[in-house]
Amino acid sequence: MGPHENIRTALAAIDLSTIRGRTVLIKPNVGRIALPRSGINVSPEAVAACIDALREAGAARVAVGESPILGVNALEAFESAGVADVARERAVELLDLDRDRPVDLKLRQCAILPRVRLCRAAKSFDVTLSLAVMKTHMHTGVSLSIKNAKGMLYRRQKVAFHQLKGCKDAAEDVRALDVAISDFVAAFRPHIGVIDGWIGIEGLGPSAGAPKKANLAVASLDPVAADAVACRLMGIDPATIAHLRLAAEKGVGVLDLEKIRTVPPDLRPLVRPFTRPPAAPAFAFSDVTIYETGACSACLSTAMLFLQRYKDRLTGCRLEDGKLHLVLGNGAAGVPAGTIVIGNCAAKHRRRGPFAKGCPPVGSAIFKAATGRYPDEPDED
Ligand code: SF4
C-alpha cells in the first residue's frame, strides 16, 4: 500500500454520496516549500486520491487551494510538493487562496475574537475537505484536519491567532490559540477531514521535527472524529489536545473514541507512536534559551531549523551563561543583551542584540545578522 491506496481505502469507508453535483475545495497542508516525502507537506498521491474519489462521487467541480505560512507563495509550494504535477495531470485548478480580497466571518461562539478574515475562495465552494499531514506541533500538540483548516484564514489573520492574549478561566493547558482555532471551526467547519499518515512529522513539528513513516490514512465526515482517531494512531490521547477538546465542547464533532465507529474497530495493531513535541521549544536544545511569546509557526519553525543547522557554529554568540538566547514574536519580555532577535515582530528588541529582519527571515539571514557573514563563507579562526 502507498499513500494513494491508503487515502482511497479511508475515503471508501465513508459516504460521499452527498458530494454529487456539488463543488468541493480540497485544502491540503502544503504550507511550506518542501520536497515530497519530507513529511512537511501532504503527499502528492494523497491529493490525487482525494481528487479521484471526489470525482467518482460525482463532484461538479474540484479545486485545490492553500494559504501557506507567511513568506511562502501557494503556487510555489504546490510546485515544490509535487501537488502541481498532480493537478496538471488531472486538469484540476490550483488556487492561491490569498489572491482575492478576504471575506469577514463572524464567530458566533466567540470567546476572544468577534470575527476573522477568511479567504474568499474557501467560502465560495459548497464543500471543503481538509487534507492534513499526520504531525505533532509545538504550539497545538498535533496538526491534523482541524488545525489545517486554519490555513483557510487570510494571510496575517493566521498570525493574529498566535498573538492573542489572555484566556481567563481557561484550563491550564489551553492557549488563546486553541480557543481561536476552536471558535473558527465552530463557525467554518470543514465538511470532510482526511489525514495523510504516509509520512508525517514527529517531535518538533510542524516542520523542524523528524519525518515519521506511519503508512496510515484516516477520513471522516466529522473532522474532529478524524483527528481523534489520528491522535489514537499516533499514541496520543485526543483529550490532551486542547483545540480538539474545545472544538468538541462547541459541538464541532465527536472526540470521545468510545463514541466513534472505526473501520477496523480495533485500532491497537495500527498504532505508530509519535514522539510528542517538547513542552517548550527551547527544551529541545539544552544550550539555548528562547523567548517566543506571540510568535507564529513560521518564525518558530525557522528558528528551530536555524538552530538545527547552525547552532554549533555560533560559539561567539553565547552569553555569560554559555547559552544562545533567541527572541521571536511580539510579546516577549526580559530579554538580555546579546540575544539574537528574529523577525519583524520582535523588532522592539533590536537594540538588545543582532537583528534579523523579515517575516520570517531565512536561516542564512539570521546567521549573517549573528556572525556578520553568510553560512557558506568560512568560519573565522
Ligand atoms: S515576523 Fe515572524 S512571528 Fe511575526 S508574523 Fe512574521 S513570521 Fe510570524
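What you see is a predicted model; the values in this text were computed from it and never measured. Order of appearance sets the numbers: ligands from 1, and atoms from 1 within every ligand.
Of all the heavy atoms of Arg156, the ones lying under 4.0 Å from any atom of ligand 1 belong exclusively to the side chain.
Note on residues 225-238: no pairs pass salt bridge (Lys or Arg N to Asp or Glu O under 4.0 Å), not counting sequence neighbours.
The aromatic rings of Phe161 and Phe184 stand perpendicular to each other, their planes meeting at an angle above 60°, with 30° marking the opposite boundary.
Of all protein atoms, those that are N, O or S and lie under 2.8 Å from atom 2 (Fe) of ligand 1 total 1.
Salt-bridge annotation for Glu79 and Arg88: present, with a side-chain N of the basic residue lying under 4.0 Å from a carboxylate O of the acidic one.
Under a 3.5 Å cut-off, the side chain of Arg272 and the backbone N or O of Leu270 do form a donor-acceptor pair.
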Acceptor/donor pairs from residues 351-369 side chains to any protein atom, 3.5 angstrom cut, sequence neighbours excluded:
residue : atom : partner : partner atom : Å
Arg352  : NE   : Val335  : O            : 3.0
Arg352  : NH2  : Val335  : O            : 3.2

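Contacts of Asp376 classified as side-chain hydrogen bond (donor to acceptor under 3.5 Å, both in side chains), with partners at least two apart in sequence or in another chain: none.
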